[in-house]
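Notes for the one structure printed next.
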Number of protein chains: 2
Amino acid sequence: MRYPPRHKESTRARLLELSGTLAKKDGFASTGVDALMAAAGLTSGAFYSHFRSKSELLEAIVESELGRSLELLTGKTNEQLVVVLKSYLSASHVDDPAQGCAVTSLSTEVARSSLQTKQVFERMMVAMKDELSKHVSGHSAAWVMISQMVGAVMIARAMASEQSRNDLLEAVMQQCQEMIR
Amino acid sequence: MRYPPRHKESTRARLLELSGTLAKKDGFASTGVDALMAAAGLTSGAFYSHFRSKSELLEAIVESELGRSLELLTGKTNEQLVVVLKSYLSASHVDDPAQGCAVTSLSTEVARSSLQTKQVFERMMVAMKDELSKHVSGHSAAWVMISQMVGAVMIARAMASEQSRNDLLEAVMQQCQEMIR
DNA sequence: GTCTATAGGTAGATAGAC
DNA sequence: GTCTATCTACCTATAGAC
């Protein structure tokens, strides 16, 4: 072998990290294979020794990105969770999609993707709902909380003024806190 | 003039209707000018006598689509509003984005668009919030309701199983009904 | 207002050398 | 595993005829 044994998996991990960031920023459809590989310091031909197709990449991004989000929700006290939620509903999260939650950035594209990708997405969302349900009054309340958090960040990002963004984010944060008590 | 006086505005209206449908189904970025004009029975050159650029088209779509959504919320009794919300949180809305709400389908792309487009989006969202606030306990509650409805449909569309979709949609619908009482 | 033709660019994907 | 080269298809946008 001309490359060290761990080379392939580390390159793959690097591509996942990088493509996740690019897709959250510009959209998955607008993230070209050429541009991704160039950003990784490679050429486009090498992409296909890591992923069979671009749609397989989306599936891997969803697994990787939502897995990380799930970790952020896991094993928290109520107080710790409130800190996480405040960070989620913050201006800095709204202003920096690239470092933020993939559900908010990519779910419309997941909705248009393969069944497999949707299954991965669902598995992760259900796990997040189960985790949140430990802090609120049941599974229904957990679904409601997830929906309003994701919806709020999405809508805030598409509105122009700081005023409207803040009104929206504060309203939802207050509601989340009431649900946890 | 070789064309009747109303020709231009009626063609523009047709293009708006059609491009709105296509963009909600496939995403705005994936909706090519060629494909749009071909679907309208025209050729791509004619596009630019109606819109200066593709990004101006998005602005017009947001105005047109969200204007229609706003109308659906306007002047309802509590009972009539519940019917609208049930339809919004229905399986058929989840399964048919092309005929559905543009906020759910296009907001991530609006978030990546021009300031002008975001301003149009914001104006429409604030108007919807004001309308909803007549049915719930204040403007904060209206923002919360909008967020959870939009988030719920987006997440439901990206999940694979009917079971999870229904759990989510029913949870949010129940919460909406409690907010209206 | 719409047509054809075309510009210049980029998309996803494959073949074969090393 | 990564390279270069290349294919076909599509993209946004413009020019000029009718």
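Residue numbering restarts at 1 for every chain, and letters A, B, ... go by the order of the sequence lines.
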Looking for any heavy atom pair under 4.0 Å, which part of the strands does A/Ser55 touch: base, sugar-phosphate only, or nothing?
nothing
So A/Gly32, base contact, sugar-phosphate only, or nothing? Heavy-atom distance under 4.0 Å.
sugar-phosphate
In whole angstrom, give the distance that lies between atom [atom1] of [X] and atom [atom2] of [N].
X: B/Arg52; N: D/dA13; atom1: CZ; atom2: P; result: 12 Å
X: B/Tyr48; N: C/dC3; atom1: OH; atom2: P; result: 15 Å
X: A/Asp34; N: D/dT4; atom1: CG; atom2: P; result: 12 Å
X: B/Phe51; N: D/dT14; atom1: CZ; atom2: P; result: 15 Å
X: A/Met37; N: D/dT4; atom1: CE; atom2: C1'; result: 14 Å
X: A/Lys8; N: D/dG1; atom1: NZ; atom2: P; result: 4 Å

Nearest listed nucleotide, side chain of [X], among [options]:
X: A/His50; options: D/dA5, D/dT2, C/dT2; answer: D/dT2
X: B/His7; options: C/dG1, D/dT12, D/dG1; answer: C/dG1
X: B/Ser53; options: C/dT2, D/dA13, D/dA5; answer: D/dA13
X: A/Lys54; options: D/dA13, C/dG12, C/dG1; answer: C/dG12
X: A/Val33; options: D/dT2, D/dA13, C/dG12; answer: C/dG12

With a 4.0 Å cut-off, would you call B/Glu122 and B/Lys129 a salt bridge?
no
Please confirm whether A/Lys54 makes a cation-pi placement over A/Phe28, using NZ or CZ under 6.0 Å from the six-membered ring centre and within 45° of the ring normal.
yes
Are any of B/Thr11's side-chain N or O atoms less than 4.0 Å away from OP1 or OP2 of C/dT2?
yes
Looking at B/Thr43, I'd like to know whether one of its side-chain N or O atoms comes within less than 4.0 Å of OP1 or OP2 on C/dT2.
no
